Amino acid sequence: MSTYTLPAALAEIVDDFQALTEPDRLQLLLEFSRGLPELPERLKDHPELLEQVVECQSPLFLTIESEKNSDGEGERIYRLFFKAPQEAPTTRGFAGVLHEGLDGLTAAEILAVPDDMPELLGLTRAITPLRMRGMTAMLGRIKRKVAAAQRLSKTAH
Amino acid sequence: MPYPVEQNEKFASYANPERLVSTEWLAAALAGGALADGKLVVVESDEDVLLYETGHIPGAVKIDWHTDLNDEVTRDYVDGSAFAALAASKGISRDTTVVIYGDKSNWWAAYALWVFTLFGHEDVRLLDGGRDKWIAEGRELTTDSSQPEVGEYPVVERNDAPIRAFKDDVLAHLGKPLIDVRSPEEYTGQRTHMPAYPEEGALRGGHIPTAASVPWAKAAAEDGTYRTRDELEALYLGEAGLKTGDDVVAYCRIGERSSHTWFALKYLLGFETVRNYDGSWTEWGNAVRVPIAKGAERGSVPADLVRK
């Protein structure tokens with residue numbers, strides 16, 4: 001599988017992972033776990049606005065919001081929000097990858113990401129199949145939510 | 001020369017008090033410079049492959065159950081030479097006292113301890129309460145990487161038979177006590193995976209016929225330490241109906257939670273013959289011509305498998 005359908009930021013992350021040895025890939029994932037942004041205050045106070053991805057081994061909650069493009073025209077863009085505990089660095093790390101790779105993109109760009117994109121990170125030996133499935137589920141949930149939001153916004157216009 | 005054994009009232013009532021250390025004991029040993037000469041090595045073993053890197057007990061080394069202890073090609077544990085290389089690289093020699101701790105009340109730590117025991121490592125102990133208790137007590141953590149001096153570890157062939165059961169061993173064992181340590185929902189067959197964990201592909205839900213259901217966490221107190229001897233006896237001898245001297249097999253989904261129970265039965269209650277069936281439900285639930293029981297009842301051994 002090639003990375004040609006990946007948005008630029010995500011493709012760059014995949015390239016970074018693939019250039020490394022396995023221990024360094026894990027180290028990079030750890031850095032992503034540290035870089036995962038905190039929830040904004042308005043979401044922190046409203047946990048019910050986030051959905052749990054139950055396939056993840058550790059509690060992982062996420063939501064998306066759409067907003068107008070910076071110039072106010074063209075396609076709407078999507079913002080991603082994640083919540084995962086500090087003691088679940090693997091789960092946080094993957095959330096960090098998706099955040100950096102997909103935050104602020106259009107629905108079309110996000111929906112074009114292949115479902116098995118997590119496998120491109122080269123972590124399938126170091127990380128158990130169970131966790132890999134959690135990562136895939138996280139991406140799947142984002143895509144489903146984006147697709148649903150896009151349908152809603154189309155009917156509204 | 002093994003490191004001195006901890007003496008305290010709780011541990012003294014266990015069959016093998018030398019298999020546990022408390023957080024107080026470990027903190028004092030570390031403060032006394034125990035790690036300096038390689039006689040004591042502290043190992044962290046977690047479910048999450050990155051957790052150690054977020055902060056660990058100063059001087060502790062990491063052993064990952066998935067990347068370090070498994071051989072993915074043979075679907076087995078590593079062999080004698082790979083284990084020797086691993087141990088030596090972590091500063092462990094054959095006579096080193098190894099203290100293992102980890103997350104989730106020591107699931108994976110107990111699993112690592114069980115693998116060390118397959119190789120006959122003599123002095124390997126669990127930190128009672130594990131990582132969470134150490135952190136809850138506000139004890140020191142560091143992200144500094146540990147650089148142990150390489151140990152000297154001989155190539156020892158694994159001796160599986162005394163503490164490890166394979167599927168055929170379990171079939172031959174039917175009629176003798178089995179302990180299923182999974183959740184009640186997994187035991188009855190309502191689900192094939194742990195609550196809040198994803199589906200893992202077992203085709204059938206249920207349990208091995210005649211197995212008693214004793215979820216692993218019943219052996220742990222609120223703070224993740226093992227329950228007292230009296231409490232453990234009430235659980236395994238009382239509720240589960242084991243008798244002193246029984247030959248017992250414990251299993252779960254892949255053998256990690258049952259390592260925690262194996263440790264309790266073997267070292268805390270002193271059952272001589274306790275084996276962990278690491279193939280567990282992932283194998284049994286999918287195996288051809290292997291019987292299961294569904295529902296809350298233990299079920300009985302099918303007639304064609306009753307030992308003559």
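We name chains A, B, ... by the order of the sequence lines, and we start the count at 1 in each one. This structure is a prediction, so every number in the text was calculated from the model and none was measured. Side-chain atoms are counted along with the backbone in the values below, which use heavy atoms only and exclude waters and symmetry mates.
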Next on the checklist: Using a 4.5 Å heavy-atom cutoff, which residues in residues 82-90 of chain B come close to chain A?
Outcome noted: none

Next on the checklist: Is it true that, when you exclude A:E48 itself, more than 12 heavy atoms of the residues, nucleotides or ligands shown sit nearer than 6.0 Å to its CD?
Outcome noted: yes

Next on the checklist: If you count heavy atoms of other groups shown closer than 6.0 angstrom to CD of A:E38, is the number above 12?
Outcome noted: no

Item to check | Considering all heavy atoms, the nearest A:L30-B:L50 contact | outcome: N-CD1, 3.8 Å

Checklist outcome for this item: Most contact-rich option vs chain A, by heavy-atom pairs under 4.5 angstrom, among B:T67, B:D64, B:D48, is B:D48

Checklist entry - Heavy atoms, side chains only, cut-off 4.5 Å: are A:E87 and B:L51 in contact? => result yes

Checklist entry - What's the spacing between B:I254 CD1 and A:T128 OG1 if we round to 0.5 Å? => result 8.0 Å

Checklist outcome for this item: So the ring-ring contact (aromatic ring centres under 6.0 Å, His included) pairs with at least one residue in residues 44-71 of chain B (sequence neighbours excluded) are B:Y52-B:H56, B:W65-B:W108

Next on the checklist: Just checking B:R75: does its CZ atom have more than 12 heavy atoms from other residues, nucleotides or ligands closer to it than 6.0 angstrom?
Outcome noted: no

Item to check | Interatomic spacing from CD in B:E53 to CZ in A:R34 - rounded to 0.5 Å | outcome: 8.5 Å

